[in-house]
Structure formats: C-alpha cells, structure tokens
Participant: 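Can you keep this structure in mind? I'll have questions shortly.
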Amino acid sequence: MGPSSLADLRDGLEAGDLSATFLALGCLDRMAGLEPRLNATVFQDSGLTLAAARAADARLTRGERTPVLGIPMVLKDNLHWKGAPVGNGSRIQRGYRAPYDATVVRRLLEAGAVPVAKANMDEFAMGSSGEHSASGPARNPWDTTRVPGGSSSGSVVSVAAGYAPFALGTDTGGSVRLPGSFCNVTALRPTYGVLSRYGVTAMASSLDIVGPVAGSARDLAAVLSVMAGPDPLDATSVDLPGRERLGDLRPRALKGLRVGLPREYFGEGIDAGVRDVLETALRDLEAQGAELVEVSLPHTPFAIDTYYLINTSEVSSNLSRFDGVRYGARAASDTLDGMIAGTRDAGFGMEAKRRILLGAFCLSKGYYEAFYLKAQKARTLITRDFAAAFGKVDVLATPVSPTTAFPLGERTGDPLAMYLSDVFTVTPALAALPALSMPAGFASGLPVGLQLIGPSLSDVPLLELAHAYQRITKHHTEAPRLDS
Ligand code: GLN
C-alpha cells in the first residue's frame, strides 16, 4: 500500500472491495520494507494489529459504519495504548507498558481504527527535529539525509511514507505542524482542551495537546470527529463547536474572507524558496476572493523566550515523576537517593536534563518572579495580540518554519538554533489557539507548509478553509518516491 487517503480506503472497506485485515497486512509489509531507511516506528505487534483488524472486519460485515472503522493508524509513543509500551523516546521508561488507553486512543479503538505501530519521537516530545530520541532519529522520506522535524517525527513520517492514512502526534509548541511542513502532511493543533490529555504523557501541561496528522484536511476532520468531545477524565477538556460538520467537511467560502498576514512573521530570516512558495499560496487564496490584510502581533519577538521559560518550568515539575520508583528503568543503589539520582542520570537524555535544570532554576526562590512570572505576563500580552488581530481578520496565515527540512546533525550541537525552528509555531500554542499546517508547495524539492491560525474554538472553520485550499491545489497529494 502506498499513501492512500482515509476517505478512499473507507469507501473500499464499506464497498467490500478491501478488508481491514488486508490493509493491516499491507501496512506491516510496507513498514518492513521501509523502516530500515526511515526509522519512524518503535513498536509493532502483528498479533495486536491483526486482532483489531479482524474485529473491524466482523463489524464491517455486519454493516456497521464509523469514520475510521478498519482504517490503519499510527500512534505517537507518548500515548497510552493498553498493552503496548509507552517509551516517550526515552531510556527511562524501558519496560513500561500502558495499563490503560488514553481517551483519544480509546475513542479511536472503539470506532474500529486499527493501530499498526507506535511512532518514534523526540524524548518526552522535546525537540524540533526528531533527533533527540533514544531510538535514533527518524528520517525525512523526501530526503533521508534530512530531519523529518519533531517532536512527532515518526507519526508524520508514517503518514508521508504511506504506513497509514493518519497518525496521532502531540503538539506543545509546534510538534505536529513543523514536521507536517517538512514532510508534506496536513497537521492540526486543535484549540487547547478540544482533545483530552488523559493518557498522554505530560510535557508542559498548559500547552500540550494531541494533534492528528493526515493526507488532507478532510481526513483530519474525520479523525477529529471521533476523538473530540469533553472527557470527565480531563478537567480542561471542552466541547468543539461545529463538530457535526466534521463528518462531511464542506469547503469554506473564500470570497470576502479576511486573511491576516502578521508583519512580524514575514520579516527577515525566511529562506527565499520558502517565501516564494508562500507568496504563491497566498495569491491562490486571493484569486478565489480572499482579502489579504497586513496585521501586527507586536509581542512576537518575546515568543521563543516566553515559550521556553514556561515549557522548561512545567517540564521540570512534570518529569519529577520518573524516579525509578513507579515506572520503567531503575538503577541499582544501596540508598533511595542514589537509586533516584542514578536512574535519572542514566535514563534521561541531554535535552531532557537541560530542560529539567533550566526549569528548576526558573522556578527557584528569588528567580521565580524574574523568569516564570514574567513569562506568564508575556504570555498574556501575546494572547492579547491575537485577540486584537482577530478583531480585524477572520484567520491568520503565516509560515510554519523559516526553512525547509534541514540536514541531520545540523542543529543538534546548538540548542538555541534548534529552539528557533519553532519561532512561528509557539505563539498559537501560548495563546491556546487552533493552528494548522498544510502543504503549500516545494522549494528545491523539499516541502513547504503554510500555517493557518484561527480564533479559539474555530477548529472546524479552520479545517474547512484548508479543505477549500486543497480543492484548488494539488500539493498535498504529492508523495515522496520511496519504492525504488
Ligand atoms: N520544539 C518544541 C519544543 O521542543 C515543541 C515541541 C512540541 O511541540 N512537543 O518544545
């Protein structure tokens, strides 16, 4: 099986031309052929997968229908899927298996989706390239000498390489949108709270959200329709307005749509090739009647500092639970303190250690006001910038990243350069807004994404807009050549 759309596979399954078991076997086969090159997955269990596929086939035969019944999916390795390992891209959790399903996973399983693999990722979802993984880096299927983007590296590569028509990642500051842009996949960061965080390993809890990735906005909508909805197990979860429109997504009317272009996002530092692609994409929207309006988000220059202060503070607190007592690996020692220190020293990689130290510093007495509290105030100002912009426009369009996928190893020695990859994706995360990355074209043979950001809870109209764009363009249908 090569990249196929979820909608096509569903038609085939419902017509009886395909079976879920046939699709699952095709996925396992494709992974066996391509994984030595791509390293996108960290766990497969053909027994679990085929049992789920057979159950889906029985339901299909009985005439049952759901948006994902019998459809293969890949899950990021920070999501709990009962019985499978939850590795989080780390050594520290080796040996830990999920005792329960994450709410989003449970809803997909109940609707009959078939898990075929767990995906490689940056350790605890910290990273922009996929290289901070205890399993080694996943590779970009468009050019295997380059990074796929992170932290949901394996999830996005799995869709780009045709392992499954959709995958789940998570997005704390850009982790589905950045790899989506690097690999020509459509990726949604929903409004904070639209998807439950129950059973999702916490990195920075005020920013974390599950993000689906797929070949098109239409396919994303189908997946979202199954997962969305409040969850009593996550007090921050909210209902999604317009959810009933997701099942059969209609294109949004472009005529008269006011598309804001934030001045601060189109300044210096963007590669010429990326800029050209984005200009063409914006022209295409304009040609359909959209009105391009320049706006300003004046606190953008503070975004990276704000994000990494809040992120590291929350990381240092969330990761304290990995102490060798409760989960996974444990170092031998005669004393409790020695065991905890030894476990954390051997278990965490460099980036996790860096963030734990930085975050503990930010939160410590005497520095809390200067760093953490100040970052929270800046977060409020960034949020207000967006509110003011949405007084003038319906949606914002920006680059996802200043560059296309960079070569493996280019930024691993320079944490700041790595952090700056997120310069356009952290702001909607800080403001808890929905944002989507969609394929917009190619620069020197590498994919370029366009980011759309909407007001709070406008996830459905945002997908409808991406769908309208994907009806007039073909970029999202381009797939990397992998079969030779
Ligand atoms: N690259 C960002 C970080 O390292 C975002 C990661 C994410 O969204 N999980 O924090």
Side-chain angles (χ1 to χ4, degrees), residues 75-79 88-90 119-133 137-138 147-156 167-182 187-190 192 195 197 200-213 303-319 348-359 362 375 379 400-403 405-406 410-412 414-437 449 451 453:
L75 302 170
K76 188 173 180 177
D77 204 19
N78 58 355
L79 300 171
N88 285 307
S90 181
N120 202 353
M121 59 182 280
D122 282 300
E123 185 172 12
F124 288 102
M126 301 171 194
S128 311
S129 69
E131 292 167 293
H132 301 311
S133 165
V147 302
S151 67
S152 306
S153 50
S155 305
V156 168
L168 298 189
T170 56
D171 190 309
T172 301
S175 273
V176 293
R177 290 165 287 151
L178 187 66
S181 147
F182 284 1
L188 175 70
R189 173 193 170 87
Y192 181 79
L195 294 178
R197 284 179 295 115
V200 182
T201 306
M203 194 237 297
S205 309
S206 75
L207 297 154
D208 293 342
I209 178 103
V210 171
V213 296
I304 285 283
D305 295 2
T306 303
Y307 172 81
Y308 278 97
L309 288 171
I310 291 173
N311 178 290
T312 55
S313 300
E314 294 187 19
V315 161
S316 76
S317 154
N318 272 328
L319 266 54
F348 286 130
M350 265 310 292
E351 182 60 22
K353 286 179 182 163
R354 180 181 296 122
R355 292 200 194 194
I356 291 167
L357 289 172
L358 281 171
C362 289
R379 184 176 189 172
V400 180
S401 160
T403 67
F406 45 89
E410 185 185 88
R411 298 185 191 172
T412 37
D414 184 351
L416 195 57
M418 191 70 90
Y419 294 171
L420 285 170
S421 317
D422 306 316
V423 60
F424 301 135
T425 55
V426 295
T427 40
L430 288 166
L433 300 173
L436 177 148
S437 160
Q451 176 169 245
I453 307 169

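Just so you know, these numbers use all the heavy atoms, side chains as well, and skip hydrogens, waters and symmetry mates. We count ligands from 1, going down the list as the structure has it; atoms in each ligand are counted the same way. The structure displayed is predicted, hence computed values, not measured ones.
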Participant: Would you please say whether a donor-acceptor pair under 3.5 Å links the side chains of Thr170 and Asp208?
Facilitator: no
Participant: Does Asp171 have any salt bridge (Lys or Arg N to Asp or Glu O under 4.0 Å) partners at least two apart in sequence or in another chain, and if so, which?
Facilitator: Arg177, Arg189
Participant: Got the residues with a heavy atom under 4.0 Å of ligand 1, by chain and number?
Facilitator: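 Contacting ligand 1 under 4.0 Å are Ala125, Met126, Gly127, Ser128, Ser151, Asp171, Thr172, Gly173, Gly174, Ser175, Met203, Tyr307, Tyr308, Asn311, Arg355, Asp422.
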Participant: Taking only residues two or more places apart in sequence, or in another chain, which ones meet Arg355 in a side-chain hydrogen bond (donor to acceptor under 3.5 Å, both in side chains)?
Facilitator: Asn311, Glu351
Participant: Among side-chain atoms of Ser155 and Lys76, is any donor-acceptor pair under 3.5 angstrom?
Facilitator: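 There is no such pair (donor and acceptor under 3.5 Å, judged by atom type) between the side chains of Ser155 and Lys76.
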Participant: Going by the rule side-chain hydrogen bond (donor to acceptor under 3.5 Å, both in side chains), which residues pair with Ser437 if we only count those two or more places apart in sequence or in a different chain?
Facilitator: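 By the side-chain hydrogen bond (donor to acceptor under 3.5 Å, both in side chains) rule, Ser437 matches no residue at all.
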Participant: Is there a donor-acceptor pair closer than 3.5 Å between any side-chain N or O of Glu314 and the backbone N or O of Ser206?
Facilitator: yes
